[in-house]
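The block underneath contains the structure these notes are about, expressed in structure tokens.
Residue numbering restarts at 1 for every chain, and letters A, B, ... go by the order of the sequence lines.
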There are 2 protein chains.
Amino acid sequence: MATGPLLLPNGYDGTVTDATESATVPASTKRGRGEKSSATIYDIAKLAGVNPSTVSRALSKPGRVSAKTQKIIEDAAEQLNYQVNPFARALPTGRTQTIGLIVADITNPTFFDIIRGAETTAAARDYTLVLAESAESPETEITAARRMMGTVDGLILASPRMDDELIRELASGKPVAVINREVDGVPCVVPDVNKGISEAVRSLAANGHKNVAYVAGPPQSWMSVRRWEGVQAACEWSKLKAVRLESSKPTVDGGRQVARDVMDSGATAVITYNDLLAIGLMQELQAGGMRVPDQISIVGFDDIFGADFTTPPLTTVRSPLGECGSRAALLLLDLLLGQAGPEGTVRVETELVLRGSSGRLLVAN
Amino acid sequence: MATGPLLLPNGYDGTVTDATESATVPASTKRGRGEKSSATIYDIAKLAGVNPSTVSRALSKPGRVSAKTQKIIEDAAEQLNYQVNPFARALPTGRTQTIGLIVADITNPTFFDIIRGAETTAAARDYTLVLAESAESPETEITAARRMMGTVDGLILASPRMDDELIRELASGKPVAVINREVDGVPCVVPDVNKGISEAVRSLAANGHKNVAYVAGPPQSWMSVRRWEGVQAACEWSKLKAVRLESSKPTVDGGRQVARDVMDSGATAVITYNDLLAIGLMQELQAGGMRVPDQISIVGFDDIFGADFTTPPLTTVRSPLGECGSRAALLLLDLLLGQAGPEGTVRVETELVLRGSSGRLLVAN
DNA sequence: TTGTAGGCGTTATCAG
DNA sequence: CTGATAACGCCTACAA
């Protein structure tokens with residue numbers, strides 16, 4: 001996978017000898033602020049006794065040059081420890097070997113997996129990941145997106161907070177993939193919440209629950225409304241009553257703050273927009289003397305790192321976040337390589353992870 | 001902080017009129033593969049009625065041009081929605097607005113705070129963060145490092161696994177900052193473990209513990225040996241016996257696997273190289289019927305996200321990881337701006353976070 | 001203070 | 001199949 005030859009420090013400062021002689025190190029030594037510069041295609045050309053443009057051809061798209069010269073050039077390149085200058089290459093082509101990823105909140109572990117998935121598959125294809133966060137702010141998000149658009153080959157938007165229109169505008173410039181949201185005309189990868197939610201609600205119903213509350217996420221979150229719709233639908237199907245509660249922010253703290261509303265709602269089971277909310281809610285409820293799941297069942301969303309650290313461990317609808325990141329990167333890379341993948345949106349499955357925070361009601365509420 | 005003007009979609013295709021007239025959009029429209037290109041300094045020059053080089057001066061280093069023309073140019077730039085082409089700028093200068101960060105393991109939440117810290121302070125100074133991981137492998141690490149070196153202005157190595165020598169070699173090319181390790185001649189930011197460890201050991205001693213075990217991290221981890229030395233010293237001072245146990249990997253799973261050794265060691269308190277190990281160890285111990293902290297005390301390291309989700313919540317020596325990332329980025333940026341900061345290594349404090357997983361022994365072991 | 005001209009390292013277009 | 005040569009967009013002596 002790694003293509004770069006070893007970068008040996010070289011201290012050669014002399015002039016390059018005739019092409020037929022075997023020089024061993026690049027002619028150029030330093031530039032700018034004392035930074036070692038590596039050989040250019042000119043050095044190689046001189047050493048190999050061919051024209052720079054031939055070197056370029058040989059090194060970029062193999063096959064456009066005779067096998068013989070190809071080998072000579074490759075040898076020379078290795079000998080000189082050549083490595084392309086990404087900037088020089090980017091100038092005429094516009095292509096860098098880079099994809100951007102903008103996440104709504106670096107603090108939120110939900111995105112850890114996405115970042116990891118994207119970084120890993122990008123690296124596997126020799127692409128580099130450039131990261132930025134929007135801090136849940138639409139404005140910051142578009143600023144970051146625009147800044148990035150100049151530098152990357154493609155962009156992944158994870159749980160974007162900006163308008164569909166803006167996203168399409170960005171997508172009209174360079175390939176864009178969206179995670180956790182569906183935007184017409186833009187490749188998306190979204191977890192299909194229905195399966196996981198049905199499983200969760202069915203499990204709740206089987207345990208005798210009648211009233212479930214959904215704690216919503218940020219209003220701009222497309223995913224939050226999808227999840228709420230899913231909960232509604234599943235509850236209707238199972239003949240449960242569902243109410244929606246708002247949260248101030250989709251964090252542990254936000255979960256704590258919504259505890260009172262949950263109590264007041266009379267629900268015996270609550271499904272939250274994400275695990276962070278669930279964890280905070282559970283902590284606050286327990287601090288107030290409630291027993292989970294004996295008195296109230298809690299189901300989170302995502303299955304983030306640490307969801308099983310709690311006591312009881314959190315029941316949650318798992319979203320394959322890592323896969324989302326990976327798939328989005330793949331989508332982008334395919335687009336960049338011209339192999340247009342499936343045009344529509346990629347759906348990945350969600351599933352209920354049944355742990356200790358949900359179960360049968362032991363006390364009438 | 002955000003500098004870019006709004007990027008309005010423009011459909012203007014015509015020729016630019018005379019300089020004194022007020023054109024409203026860039027002349028160039030498309031290039032390459034249908035990607036909208038933005039205005040260049042030539043467009044601005046034409047519109048402002050000056051020479052491109054003057055535009056360059058005005059836009060890069062303000063003050064080298066008369067106030068009047070400066071304003072004209074700025075206005076024109078805004079009007080044309082100009083944004084520099086980073087590659088074109090990087091070519092002559094070698095400077096990109098980018099810093100690289102290589103972490104040992106994206107999976108490990110320890111690094112997320114570091115990433116966040118670095119990204120945040122980089123973004124605040126209008127730098128972009130480029131991310132790569134080494135997967136705990138020295139080889140992958142140097143490959144990634146070398147690839148990055150070509151593209152970034154400076155590099156942050158978080159918990160590097162490669163040789164000191166290699167690091168110095170990298171550092172001789174471009175600014176490099178190291179986190180969680182001290183390398184001679186390279187700016188480093190390392191948590192000073194002594195304070196936190198003393199507090200931890202003193203607390204353990206006060207609770208009557210006599211034998212403490214240290215569960216070590218990866219052999220290549222500089223931090224792991226520092227922590228072990230710290231534990232040894234503190235234990236000696238407090239007249240406790242300390243033994244060192246090896247772990248297979250510094251993860252929750254590794255923690256589970258080391259549980260047996262911990263039991264066999266006869267220690268009543270254990271300090272682990274990191275929180276992940278502590279959490280895994282605690283889970284396994286509890287699964288085996290041990291009560292924490294009644295029968296054994298567990299102290300982690302770092303205070304990662306989720307450390308307080310466990311039952312009992314994890315006592316741990318907090319490392320200000322976010323600050324480390326931030327400080328490292330700052331170090332780099334100062335270096336890049338020529339304002340050489342403190343040459344030596346930056347030390348940040350650690351402190352004991354006393355939670356429920358450590359305490360007095362209730363049962364003779 | 002501003003304009004001129006050359007170069008940064010590659011790719012792409014055309015001839016040969 | 002290979003060699004010239006002109007971009008790519010910006011920076012920077014150097015000259016005016």
Side-chain angles (χ1 to χ4, degrees), chain A residues 19 26-33 35-73 76-77 80-97 150-151 153, chain B residues 19 26-33 35-46 48-73 76-77 80-97 150-151:
Chain A
S28 47
T29 49
K30 289 172 176 258
R31 76 166 162 212
R33 332 200 171 293
E35 147 203 358
K36 290 194 192 85
S37 88
S38 21
T40 74
I41 56 172
Y42 282 86
D43 296 317
I44 298 178
K46 235 177 277 179
L47 178 56
V50 297
N51 191 282
S53 63
T54 306
V55 175
S56 173
R57 271 188 289 262
L59 262 30
S60 44
K61 300 195 176 181
R64 312 233 7 96
V65 91
S66 81
K68 198 171 57 186
T69 33
Q70 176 80 31
K71 175 149 181 44
I72 298 182
I73 290 173
L80 295 181
N81 178 247
Y82 170 78
Q83 31 190 107
V84 297
N85 179 325
F87 307 114
R89 191 200 292 260
L91 202 39
T93 61
R95 241 176 279 103
T96 141
Q97 284 281 95
T151 334
D153 286 349
Chain B
S28 47
T29 49
K30 289 174 176 254
R31 78 164 162 212
R33 333 196 173 296
E35 144 205 0
K36 288 195 192 85
S37 86
S38 24
T40 73
I41 56 171
Y42 284 85
D43 297 316
I44 297 178
K46 235 177 275 177
V50 297
N51 190 281
S53 65
T54 307
V55 176
S56 172
R57 272 188 288 262
L59 262 30
S60 45
K61 299 194 177 183
R64 313 238 358 102
V65 90
S66 82
K68 197 172 56 187
T69 34
Q70 176 81 31
K71 174 148 181 45
I72 298 182
I73 290 173
L80 294 180
N81 179 247
Y82 169 78
Q83 29 191 107
V84 296
N85 178 324
F87 306 113
R89 173 172 291 186
L91 202 39
T93 61
R95 241 177 278 101
T96 141
Q97 283 281 95
T151 335

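Within the 4.0 angstrom heavy-atom criterion, no nucleotide atom of any strand lies near B:Val55.
Rounded to whole angstrom, the span from the CZ atom of A:Phe87 across to the P atom of C:dT11 amounts to 14 Å. Following rounding to the nearest Å, B:Ile41 (CD1) and C:dA5 (P) show an atom-to-atom distance of 16 Å. Note: CD1 (B:Ile44) to P (D:dC11) measures 11 Å, nearest angstrom. When the P atom of C:dG9 is taken as reference, atom CZ of B:Arg89 falls 18 Å away, rounded to whole Å. The CD1 atom of B:Ile73 sits 12 Å away from the P atom of D:dC11 (whole-angstrom rounding). Note: CG (B:Asn85) to C1' (C:dC8) measures 13 Å, nearest angstrom. One interatomic measurement links the two molecules: CD1 of B:Ile72 to C1' of C:dT1, which rounds to 13 Å at whole-angstrom precision. Going from atom NZ of B:Lys68 over to atom P of C:dT2 covers 8 Å, rounded to whole Å.
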Sequence neighbours excluded and cut-off under 3.5 Å, please list the side-chain donor-acceptor pairs for residues 50-65 of chain A, or say none.
| residue | atom | partner | partner atom | Å |
| --- | --- | --- | --- | --- |
| A:Asn51 | OD1 | A:Ser53 | N | 2.9 |
| A:Asn51 | OD1 | A:Ser53 | OG | 2.9 |
| A:Ser60 | OG | A:Ser56 | O | 2.5 |

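Taking CG from A:Leu80 and OH from A:Tyr42, the interatomic distance works out to 15.5 Å, rounded to the nearest 0.5 Å.
B:Phe87 approaches A:Gly150 most closely through the heavy-atom pair CE1-O, 3.4 Å. Among all heavy-atom pairs drawn from B:Leu91 and A:Asn85, the shortest one is CD1-ND2, 4.1 Å. In this structure, A:Ile41 and A:Tyr82 approach most closely via the heavy-atom pair CG2-OH, 3.6 Å.
Taking the C1' atoms of five terminal pairs at each end of the helix from C:dT1-D:dA16 to C:dG16-D:dC1, the two resulting helix axes are inclined by 40°, rounded to 10°.
When distances run from any side-chain atom of A:Leu91 to the nucleotides C:dT10, D:dC10, C:dG9, the shortest one goes to C:dG9.
With sequence neighbours excluded, the residues satisfying side-chain hydrogen bond (donor to acceptor under 3.5 Å, both in side chains) with B:Thr69 are B:Ser66.
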Tabulate protein N/O versus nucleotide N/O from nucleotides 2-5 of chain D, keeping only pairs under 3.5 Å, one per line.
| residue | atom | partner | partner atom | Å |
| --- | --- | --- | --- | --- |
| D:dT2 | OP1 | A:Ser66 | OG | 3.1 |
| D:dT2 | OP1 | A:Thr69 | OG1 | 3.0 |
| D:dT2 | OP2 | A:Ser66 | N | 2.8 |
| D:dT2 | OP2 | A:Thr69 | OG1 | 3.3 |
| D:dG3 | OP2 | A:Asn51 | N | 3.1 |
| D:dG3 | OP2 | A:Thr54 | OG1 | 2.5 |
| D:dG3 | N7 | A:Ser53 | OG | 3.4 |
| D:dG3 | N7 | A:Arg57 | NH2 | 2.8 |
| D:dG3 | O6 | A:Arg57 | NH1 | 3.0 |
| D:dA4 | OP2 | A:Asn51 | ND2 | 2.6 |
| D:dA4 | N6 | A:Ser53 | OG | 3.3 |

